[in-house]
Amino acid sequence: MSTIDNDADLRKALKQLNHEQLRETGADFVASVLHLSSDKRVAHAVDVARNSDASDDELLAAYKSARVATVDSRTRCGADCNWEEQAAHFVARASAAMVAPEGVCKAADPSWQVVMSCRMAQNCALIAADDDSINDESENQYCIMNDYLNSH
Amino acid sequence: MLINHRRVLQFSALLFLIIIAFPVFAENATSSYKPVTVPNPATDLWRAVNPQQLPPAEAAMFPGGDSQIRGVQSGILINQQGQSWRYFRMKQLLPTGGYLLAGAMLAVLLFYLIRGKVLIRDGESDKRLERYSVYERMIHWFMAFIFLFLGFSGLILLFGRSLLLPWMGPELFSILASAAKEGHNLFGPLFLLALVLMFLQFVVRNIYQKGDLTWLLKGGGIIGEHDVPSNFFNMGEKTLFWLLILVGGLIAISGVVLLFPVFEQGRDIMELSHVVHSIAAVIMLTVIIGHIYIGTIGMQGATEGMTSGYCDLNWAKDHHSWWAQRCIDEGRVLPKQQGTAVHHDNPGTGEAEK
Amino acid sequence: MSEQFDQGVAELGKQIDAKISSYFSSCVHCGLCAEACLFYTETGDPRYTPIYKLEPMKKLWRQQHTIRGKLAKALGLSKPLQEKDFADWEELVYDSCTLCGRCSMVCPVGNDITYMISKEREGFSRAGYAPEGLKGATQRALEIGSPMGVTLKTVMATLAHVEKDTGLSVPVDQQGADYMTLFSSMEVVNFPEYIESIARIFDAAGVSWTISSKAFEATNSGIQIGNSDNAAEIVGRVVTAAEELGVKYVISPECGHAYTSIRWAGPNLIGRPYRFKVIHILELLEQLKQQGRISFNGKTDEPVTFHDPCQIVRRGGVVQPQRDLLNGVAENFIEMTDHGVMNWCCGGGGGVSANERADELRAKSFDRKRRQIEETGVNTVVTACANCRMMLEDGIEENEMETTVIGLTELIADYLVTDTKDQPEVR
Amino acid sequence: MIAQLIEGPLWYFSLTVFVLGVLWRIYMILRAGVKKDLAVPRDGGGVGALRAIFSRFVPERTIRRHGKVQLIAGYMFHLGLFALLFLARPHVDFFAERITGFGWWSMPYWAFIVAAEVAFAGLIMLWLYRMLNPVTRLLSSADDYIGTVLVFLVMLSGCLALAQSVEALRLLHLLLAELMLIYFPFSNLMHAFTFAFSRGYTGATMGRKGIRA
């Protein structure tokens, strides 16, 4: 199997996975930026997503509380933006899309939303730290995906 | 002078008619009466212009006169029945009605002195209930406005000559009477409109229910010390409603008959209508005096419902306890402060969202 | 009485033009505007009647523009405006009005009440009676260039992220491009997918576009707080940048009030017409679609409804493009009962969302939108304003509704036909 | 003496106050001026103004549903009032004699009565609504009530003088009408003229933006 090193391949690879597998990879993606969020609801969502025995109800509950965490954490219009909090917001958003039972998350492509939100979270963290380095979360995600595919 | 002048005029007109009509009547008279009797020509004349005086069979022979004016009974020159109507109005209606209305006011005053104001048993609370919507209150006050206007203008027309004329003098009173007559006629149809609007808005809540009779038997809690449970409207209010609809309806219909002489109604119907109109009006006025009393000085917290639209919770418990309980059960108790209920889609008119 | 307050009153007086004078002359206090205002319909509090929010201005108008008022003032029968008048009315003028313009549509005598309130804010803000949130936003917009404190560096970081994800280059300071694109800070902060969508759509359509490093911010807090000097300063930056780059068009982003600010208020604020045209992103997308420069691969079969941002539709005049576009990507588009120019506001426009003090009232007034959405029986709401979107999501969360909100431009980008074959096929 | 005063000097005085006052108020509006709109319009402002002047006679859906009472009562009152004011026989005669020099078609008597009934019902309901609805009660000032009461009294005295048999009532009607003319330019009865300006201004602004309002 060829290794993934660009978004096109990543998308293609994600498309091959079923919903449960997507949840597992999503959990890995979120976990890699989880340190940017201190919200327990987000961490809980990752735990639920990782638990292969989780029932649909549990998933739904985790999704809902992750969504509340998403709304709670974002910057209101016209408010001075705190980029650390904004990073946490994107982690929460990724976690919601990740843990959502099939068909619940209305984003055009929930798995891609997880990918993008994690990158945005990293981006916000870099802005917050006034760090000029390039956001390499996508490379990180290729590795995570490669690891996942290799281990399954 | 003036009176004499008018009599002269009337007499000449009569004479003129007699001369014109005489040959016709004379022929008829000769054929139907015994020749031996020499009738006083004035008798036949009197009969001819006043045929109602005759027994029916003979009246047929005097079918009434003819007139240039085409209209119902325009051929009748003298209306005998008018005399009895006049008697009723001057000798029966005026004194009886007058004493009845004065008596009602006196009774209310006495009642107030004896019973005093009916207070809210536990005093005012800090909670309130929505009792009437803006639209409902508007109909009520529309009716009140029209009723009072018609009531006062009607009373001026009825009692003015006895009570106001001596006091105001003829010049002023003639202006007032003319104005009252035009105003009474003008606002009359609006009473019918108000009646219809009121009926449509309130009829459902005024259908008699179980418990209403008990309320009546216990004197509505006004006479005794203890209030009797009732629904949104109690027996007294329901009865007032139906009196207004039925007696008020009679007033309105008879008023329309009097106001629009275009339905081929004759004098007899007009007279009857006036009798009905005046009797019903006096009854309704008497009832409304009581209504105004109990709605204002007679009872604490009664006016609020019709002004602000909200009533005190304790007032509702005292006087409409079943309704109050239902409101409590349905969570419709509100704090006493600015602002109406949330989710109220149309606070403007209080109409429910369909 | 402070000097600042006097300046505020003087400013308020200056705002009274022929329009406002005729509006006050015509008002017969019928109160029908209340029925159009969601702050009144959802609370039942008569103080939220739109025209009542103008009492201080009306008082001043009467004293300055009517015979009776002048007479009364000369005889000492009417008191001049007090600080208390402003203090008491601040909440009504800022918290309970989103400048949504619905009242202006229903007034029987045709009063543009919203226009009056926005003018009243000029006096209030000058006198210092404005909510802290808006004051801060305006301050940041003037000093940093964005009400949310988004710096050029931040934008560049976000753009780098977008470039990386899309594999497309985002042109910056491209001299002589056709279109100069603006963003709202909200899009940079909360919805970078909007920027990404723009990049992809423009690439697919072959639009010559650029972003200016000197003016990327489209929003205008000066308009919301009601300070025309600040508003002019903020608009001026965009005008200078666009004219320096020599672009033909400036694209206003989805954000509602950004559009009215730059399209309709802007030239009047700077006192001259632009040397470029302003086009709303939805208008442009519709043009591109009509010209066949973009096309869609399929439609979503999910039933959707559309929330009209007031400033785009009722105050901006962009009504049809969003409907044509949405019908292009949605099989089953269901309109809300009151839609288009008579839509109900999300509750957060006109600076209300930036005003924390108004949160409780805003949450309460969202009930109107909740009922509207529920009536359609649809679980997906599409909109075209970052602020509306946030407000909708907040309200949906608070009311525990099963509804998702999507930005229209993103939805279009999702269904965009591109030459590269690596586009995702969407559900 | 009083009669002559009402018929003569007071009539001319009140008419002068009315005409000059109304012109002054309109001048005050126009004097305040409107800045030229520099934004590139989508549509013509003139068309928008014209449309709004007429389109606002038709209420918007929200008002049709939630402002029914005021809507119906408002139309009843205004239509009735205009019929009475311009089409009642005595008024047409009065206009012909005192102002225009020519008369025009007047309503038959029955139509006059209908118009009066309709106008009274509408006015009383609007008046009651003003007092009973929390919103209008909050908004209303003494001016609103004075205007309403004056119009009511003018209409009432007019109808009481209907038979035209009592000169005193006709004079009372004229006196009240004169008082109303004097009061008019100082009050928001002015809306009878300025509504066209308001609608026009708003319609023009909206029209330029391409919004039908």
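Within every chain, numbering begins at 1; the chains are lettered A, B, ... in the order of the sequence lines, protein sequences first and strands thereafter.
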> Which residue out of D:Leu169, D:Ile124, D:Leu132, D:Leu128 racks up the most heavy-atom pairs below 4.5 Å with chain B?
Replying inline: D:Leu132
>> Quick check on B:Leu193 against chain D: is it the side chain, the backbone, both or neither that has a heavy atom closer than 4.5 Å?
In response: side chain
> Charged N to carboxylate O below 4.0 Å: is that the case for D:Arg98 and D:Glu7?
Replying inline: yes
>> I'd like to check the side chain to side chain donor-acceptor pair (under 3.5 Å) partners of B:Asn206; sequence neighbours left out, ordered by chain and number.
In response: none
> Considering only heavy atoms, which portion of B:Ile139 lies under 4.5 Å from any heavy atom of chain D: side chain, backbone, both, or neither?
Replying inline: neither
> Taking only residues at least two apart or on different chains, which pairs with a member in residues 148-181 of chain B satisfy ring pair (Phe, Tyr, Trp, His ring centres under 6.0 Å)?
Replying inline: B:Phe149-B:Phe187
> So which part of D:Leu172 gets closer than 4.5 Å to some heavy atom of chain B, the side chain, the backbone, both or neither?
Replying inline: neither
> Is there a salt bridge (Lys or Arg N to Asp or Glu O under 4.0 Å) between B:Glu124 and B:Lys336 once you walk through the steps?
Replying inline: CA-CA 11 Å; B:Glu124 281 190 28; B:Lys336 269 192 184 171; 3.4 Å; yes
> Of the backbone (N, CA, C, O) and the side chain (C-beta and beyond), which part of B:Phe142 lies under 4.5 Å from a heavy atom of chain D, both, or neither?
Replying inline: both
>> What part of B:Leu197 gets within 4.5 angstrom of chain D, counting heavy atoms only: side chain, backbone, both, or neither?
In response: side chain
> Salt bridge or not for D:Asp37 and D:Arg208, using N-O below 4.0 Å?
Replying inline: yes
